[in-house]
2 protein chains.
Amino acid sequence: MTQDNLDDAPVQAERFSQTRTAQSQALLEDYTEMIDDLIRAHGEARITDIARLMGVTHPTATKAVARLKREGLAVSRPYRGVFLTELGSGMAERVRGRHRLVVDLLLAVGVPPEAAENDAEGIEHYVSDATLTAFAAFLTRQP
Amino acid sequence: MTQDNLDDAPVQAERFSQTRTAQSQALLEDYTEMIDDLIRAHGEARITDIARLMGVTHPTATKAVARLKREGLAVSRPYRGVFLTELGSGMAERVRGRHRLVVDLLLAVGVPPEAAENDAEGIEHYVSDATLTAFAAFLTRQP
DNA sequence: ACAGAAATGTAGCCTCGGCTACATATCGGT
DNA sequence: ACCGATATGTAGCCGAGGCTACATTTCTGT
């Protein structure tokens, strides 16, 4: 990549393009997982709790939930909690599994627990299925 | 995290907040590294080349460069190429090292080369120094 | 039952990072 | 030296995701 950038342009561009796509999915995934967590813990997901846990103000959380609803991941009625659709639950499950796998791999290669948790939050959204599979295989080889 | 979300709120929120900060840095890092690549290869970085390699239109690249200039990472004169300041070069160097380390680690745990390159592009921006250090140590142990 | 507290909704503003359309400058070949 | 091709600049639009300020609804304790 260092020598002939011009010929690599399509490859490179595609790479960055994919990264941008992943970025736009990241928020959806984070909120979906968060809502799933809250429902498991308290039977419902309130806007206020979502906002507090995400570290944003409540109008921001409301907007995010609106987007989730638009994308068919969540449902809610005014002044009532937020719930996930089947689509949303599926995503939450996948995201949760991926998150765990990433954390486990980081721990396995010697990353300190706190850093592993922190970094996984950012990393997990950019890990492809191929990489995920490799992670799982690695963890099986050396537990 | 699955049981008592409410008490974990500050920790969680801080995590997401950090991730958001990293996100806003990611673009700066990508452009900086790209410009550095182009300068190494052709002695200068033209807006058109930057745009093509990043997979965006040229006005988008122009805007990004404007931001780089604002942040003191790059300099440029109208209709002339873009160059990095010392600050920018430093960042490029660090980013380049981190990128290589991430790719190497992915390869070491068995991720296929193409996936490693693709995913590293997204992952690298979210890897903390602690994690980076752990990666380096791991690679030393098993090369 | 009702008043104050807390939760939620809504409006409107900001920045960022995309884009298209159009204007201007530079470059290169004859 | 010129003219067409190419590169760059600029204006203005859009959606996403932050925010504050304010309105409304729900909840809660007396």
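In what follows, every chain begins at residue 1, and chains take the letters A, B, ... in the order their sequences are listed.
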Please determine if a side-chain N or O atom of B:R70 lies less than 4.0 Å away from the OP1 or OP2 oxygen of C:dC16.
yes

Could I get a table of every N or O pair under 3.5 Å where one atom is in the protein and the other is in nucleotides 3-5 of chain D?
none

Give me, pair by pair, the N or O atoms of the protein and of nucleotides 19-22 of chain D that are less than 3.5 Å apart, along with how far apart they are.
{"from": "D:dC19", "atom 1": "OP2", "to": "A:T57", "atom 2": "N", "distance (Å)": "2.9"}
{"from": "D:dC19", "atom 1": "OP2", "to": "A:T57", "atom 2": "OG1", "distance (Å)": "2.8"}
{"from": "D:dC19", "atom 1": "OP2", "to": "A:T60", "atom 2": "OG1", "distance (Å)": "2.9"}

Test salt bridge (Lys or Arg N to Asp or Glu O under 4.0 Å) applied to B:E44 - qualifying residues, sequence neighbours left out:
B:R46

Whole angstrom value for the distance that separates P of D:dG18 from OH of A:Y31
5 Å

Using 30° and 60° as the class limits, which term best fits the ring planes of A:Y126 and B:Y126: parallel, tilted or perpendicular?
parallel

Closest-nucleotide mapping onto DNA chain D: is A:P78 or A:R67 further toward the 5' terminus? I mean the 5' end.
A:R67

Quick one: side-chain hydrogen bond (donor to acceptor under 3.5 Å, both in side chains) partners of B:T32, sequence neighbours excluded?
none

Here the distance between atom P of D:dA16 and atom CD of A:E71, to the nearest Å, is 8 Å

Those residues at least two apart in sequence (or on a different chain) that pass salt bridge (Lys or Arg N to Asp or Glu O under 4.0 Å) with B:R20 are none

Between A:H99 and A:E33, is any side-chain donor less than 3.5 angstrom from a side-chain acceptor?
no

How do B:L28 and B:R80 order along DNA chain C: which one's closest nucleotide is nearer the 5' end?
B:L28

Report, as yes or no, whether the 6.0 Å neighbourhood of atom CD on B:Q142 holds more than 12 heavy atoms from other residues, nucleotides or ligands.
yes

Whole angstrom value for the distance that separates C1' of D:dG18 from CG of A:L27:
10 Å

Please give the angle, rounded to 10 degrees, between the axes at the start and the end of the helix from C:dA1-D:dT30 to C:dT30-D:dA1, where five pairs define each axis.
10°

